[in-house]
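The structure appears below as structure tokens.
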Amino acid sequence: MPIQAPKGTRDILPEDINQWNFVEEEFSDICRRFGYNEIRIPVFEHTELFQRGVGDTTDIVQKEMYTFEDKAGRSITLRPEGTAGVVRSYIEHGMSSLPQPVKLFYQITAYRYENVQKGRYREFHQFGVELLGASDPAADVEVISILSLYFEKLGIKNLKLNLNSIGCPECRAEYNRLLKGFLSDIIVDMCDTCKTRYDRNPMRIIDCKEEHCKKQLVNAPALLDHICDDCSKHFDSVLQKLEAIGIPYAIDKNIVRGLDYYTRTVFEFVSENIGTQGTVCGGGRYDGLVEDCGGPPTPGIGFALGVERLLLEMESQGIKIPKQPAPDIYIGSIGEKAALASEKLAWQLRRNNIICIKDIMGRSVKAQMKYADKLGARYSLILGDTEIETNKARLKDMVNGETKDISLDTLIGRLIKNKASEWL
RNA sequence: GUGGGUAUAGCUCAGUUGGUUAGAGCGCCAGGUUGUGGCCCUGGAGGUCAUGGGUUCGAUUCCCAUUAUUCACCCCA
């Protein structure tokens, strides 16, 4: 059997590339409008970065990383997400001494060893933003509003914004004590994962999907009801500012996020029509992450958007994406002399930004015309002995079939000076 | 890691109640008078019917395994 692309990876073919170019360019555009600059980070990092940054107790680190030893025995991991790498770069390049805040965006692939399903692949694409050095609620709102504007520009409707606050380490410690108190009697009756979480990260028990566990948790205290005053004020301010600019949201007390670094505000944009993996975008604040990774205490907030899911959503909403431009002109030729002339002509046109396709197969005129038609060329022109002798060629409009004889001396000037729609 | 569906040409799919040359449409290539596309007509290329075993006189068809794919669980983008 011929070699296939590895499980969970996909080719993005020329026929689809315009969709990708379109959403990429639009994203860069919006980010720059908010003052964010692009950063590019390595595909692989030291495994330790993700263990520390993403968190040892997370599913990502425990079972989903592509980890291998390089030839010098270093443990290397393909990035399962972008934030850890960006934060590493921020620290490594001393960005804390840049004017604050530091605003970054990126467009990356990420890798997770998971079983594939709709909207989930082993190699997938993320657009992300990281805003470092700003702790004010206005920062949270800025990051969310980037997404809001982006979706608006793409014409995506009805993505639901869900918000929660999971507090700071202090109020979370307080809450974990409270939760463990609540759970102490019933934990014996819950699933194995929950039992492990009871000691390592009790908060995530709230997120358990086991029916049996869920029933026991109905009356469990919600974190949002027990965050400290500062966190509470922060969250209220975020909500107030969102309302001020008219971004609708819903509070979802169950959003916990699967990554350990989140603090305070967490959010996601969810779709209901792209399968069960409906989270198009997830993000939140991570005020302790930079310090945990060995940098100065620095607040941060960001998000990652799943591009495959974004495209699924756009498709399900029937959003049209501009096609890549068709060739302006096809230049055919018959015979050696004409082939030489067509070489020169095509070269001149291409140097002047005209999309020009020429014959390089030496085929019959009929075959060349068919080809020009399939390419969707706006005009065609065939060179042969007659054209060389008379110094004239017939320019043909491929849309309506009209033709006009044009002197070869004036042809190039005519095509360069005028818009393609005015060539005839 | 777990469970279900699927696997026939580049694509979308027929088909064989197990019988020897496996089909269509689209696409691709070439022709339909000498140098002009789109419609139409003709011809051609392209498949060890996912792979490996088993049952059988005989398997693409039945059985098993493997792999891939797809959907779902867990979890996440």
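Below, chains carry the letters A, B, ... as their sequence lines are ordered, and counting in each starts from 1. Predicted model only: the values in this text are computed from it and were never measured.
Residue-level contact check: A:Gly119 touches the bases, meaning some heavy atom is under 4.0 Å from a base atom. When heavy atoms are screened at a 4.0 angstrom cut-off, A:Val399 is found touching base atoms of the nucleic acid. Contacts of A:Gly401 with the nucleic acid, taken as non-hydrogen atoms under 4.0 Å apart, include base atoms.
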Polar pairs (N or O, both sides) under 3.5 Å between protein and nucleotides 30-32 of chain B?
unit_1, atom_1, unit_2, atom_2, d
B:G32, N7, A:Lys366, NZ, 2.9
B:G32, O6, A:Lys366, NZ, 3.3

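The gap from the P atom of B:C41 to that of B:A68 amounts to 44 Å, rounded to the nearest Å. The separation of B:U12 from B:A50, taken at their P atoms, amounts to 15 Å, rounded to a whole angstrom. Across the P atoms, B:A7 and B:G15 are found 12 Å apart, a figure rounded to whole Å. Rounded to a whole angstrom, the distance from the C1' atom of B:C62 to that of B:G1 is 32 Å. Rounded to whole Å, the separation between the P atoms of B:U61 and B:U48 comes to 15 Å. The separation of B:G52 from B:A9, taken at their P atoms, amounts to 16 Å, rounded to a whole angstrom.
Between A:Lys396 and A:Ile274, it is A:Lys396 whose nearest contact on RNA chain B lies nearer the 5' terminus. The residue among A:His125 and A:Tyr113 whose nearest nucleotide of RNA chain B is located toward the 5' end is A:Tyr113.
Of all the residues in residues 28-36 of chain A, not one reaches under 4.0 Å from RNA chain B with any non-hydrogen atom. Within residues 302-311 of chain A, the residues approached by RNA chain B to less than 4.0 Å at the level of any non-hydrogen atom are A:Ala304, A:Gly306, A:Arg309, in residue-number order. Only A:Asp373, A:Lys374, A:Ile382, A:Gly384, A:Asp385, A:Thr386, A:Glu387, listed by number, bring a heavy atom of residues 371-393 of chain A to less than 4.0 angstrom from any atom of RNA chain B.
Atom NZ of A:Lys7 and atom P of B:U70 are 8 Å apart (whole Å). One interatomic measurement links the two molecules: CD1 of A:Ile60 to P of B:G1, which rounds to 18 Å at whole-angstrom precision. Distance A:Ile329 CD1 to B:U36 P: 18 Å, rounded to the nearest Å. One can place CZ of A:Arg10 at 17 Å from P of B:A68, the figure rounded to the nearest angstrom. Rounding to whole angstrom units, CG of residue A:Asn400 and P of B:U36 are separated by 19 Å. Rounded to whole angstrom, the span from the NZ atom of A:Lys63 across to the C1' atom of B:C76 amounts to 10 Å. Remark: P of B:C75 and CE of A:Met65 are 19 Å apart, rounded to the nearest angstrom. If you measure from atom CG of A:Asp11 to atom P of B:U69, you get 12 Å, rounded to the nearest angstrom.
In this structure, A:Arg363 has no salt bridge (charged side-chain N to carboxylate O under 4.0 Å, His left out) partners at least two apart in sequence or on a different chain. Residues passing the side chain to side chain donor-acceptor pair (under 3.5 Å) test with A:Tyr150: none are found, sequence neighbours excluded. The side-chain contact (heavy atoms from CB on, under 4.5 Å) check on A:Asn115 picks up A:Lys7, A:Arg122, with sequence neighbours excluded. With sequence neighbours excluded, the residues forming a side chain to side chain donor-acceptor pair (under 3.5 Å) with A:Asp70 are A:Arg74, listed by chain and number. For A:His226, there are no side chain to side chain donor-acceptor pair (under 3.5 Å) partners two or more places apart in sequence or in a different chain.
Salt-bridge formation is detected for the pair A:Arg394/A:Asp405: a Lys NZ or Arg NE/NH1/NH2 atom is positioned less than 4.0 Å from an Asp or Glu carboxylate oxygen. Between A:Glu48 and A:Arg52, at least one side-chain N (NZ, or NE/NH1/NH2) sits under 4.0 Å from a carboxylate O, which counts as a salt bridge. Salt bridge absent: A:Lys160 and A:Glu272 never bring a charged side-chain N and a carboxylate O closer than 4.0 Å. Salt bridge present: A:Glu343 and A:Lys358 bring a charged side-chain N and a carboxylate O closer than 4.0 Å. For the pair A:Arg378 and A:Asp397, the salt-bridge criterion is met [side-chain N within less than 4.0 Å of a carboxylate O]. Salt bridge A:Asp225/A:Lys253: present, at least one basic N to carboxylate O contact under 4.0 Å. Here A:Glu81 does not pair with A:Arg79 in a salt bridge; the nearest charged N to carboxylate O distance is not below 4.0 Å. Electrostatic pairing of A:Asp385 and A:Lys337 does not count as a salt bridge here, judged by no charged N lying under 4.0 Å from a carboxylate O.
Among A:Phe27, A:Trp20, A:Phe105, the single residue meeting the ring-ring contact (aromatic ring centres under 6.0 Å, His included) criterion with A:Phe127 is A:Phe27. Screening A:Arg285, A:Lys241, A:Arg264 against A:Asp140 for a salt bridge (charged side-chain N to carboxylate O under 4.0 Å, His left out) leaves a single residue, A:Arg285.
Set against B:U36, B:C73, B:G35, the side chain of A:Ile334 has B:G35 as its closest nucleotide. Checking B:C75, B:G37, B:G35 against the side-chain heavy atoms of A:Met369 singles out B:G37 as nearest. Listed nucleotides: B:G37, B:C75, B:G1. Nearest to the side chain of A:Glu64: B:C75. Nearest to the side-chain atoms of A:Val365 among the listed nucleotides B:A77, B:G35, B:A72 stands B:G35.
Surrounding CD of A:Glu315 are at most 12 heavy atoms belonging to other residues, nucleotides or ligands under 6.0 Å away.
For A:Tyr286 and A:Tyr261, the distance between ring centers is under 6.0 angstrom.
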- Query: What would the secondary structure line of RNA chain B be in dot-bracket form, counting Watson-Crick and G-U wobble pairs under 3.5 Å, with [ ] for pairs that cross earlier ones and | for pairs with another strand?
  - Reply: (((((((..((((.....[...)))).(((((.......))))).....(((((..]....))))))))))))....
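The ring pair (Phe, Tyr, Trp, His ring centres under 6.0 Å) analysis of residues 37-56 of chain A, with sequence neighbours excluded, yields no pairs.
A 4.5 Å side-chain heavy-atom check between A:Phe269 and A:Thr279 finds every atom pair outside the cut-off.
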- Which nucleotides of nucleotides 5-13 of chain B have their base under 4.0 Å from a protein heavy atom (B), which only their sugar-phosphate (S), and which neither (-), written as one string 5' to 3'? ---------
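Both tests pass for A:Lys180 against the ring of A:Tyr198: distance under 6.0 Å to the centre and angle within 45° of the axis.
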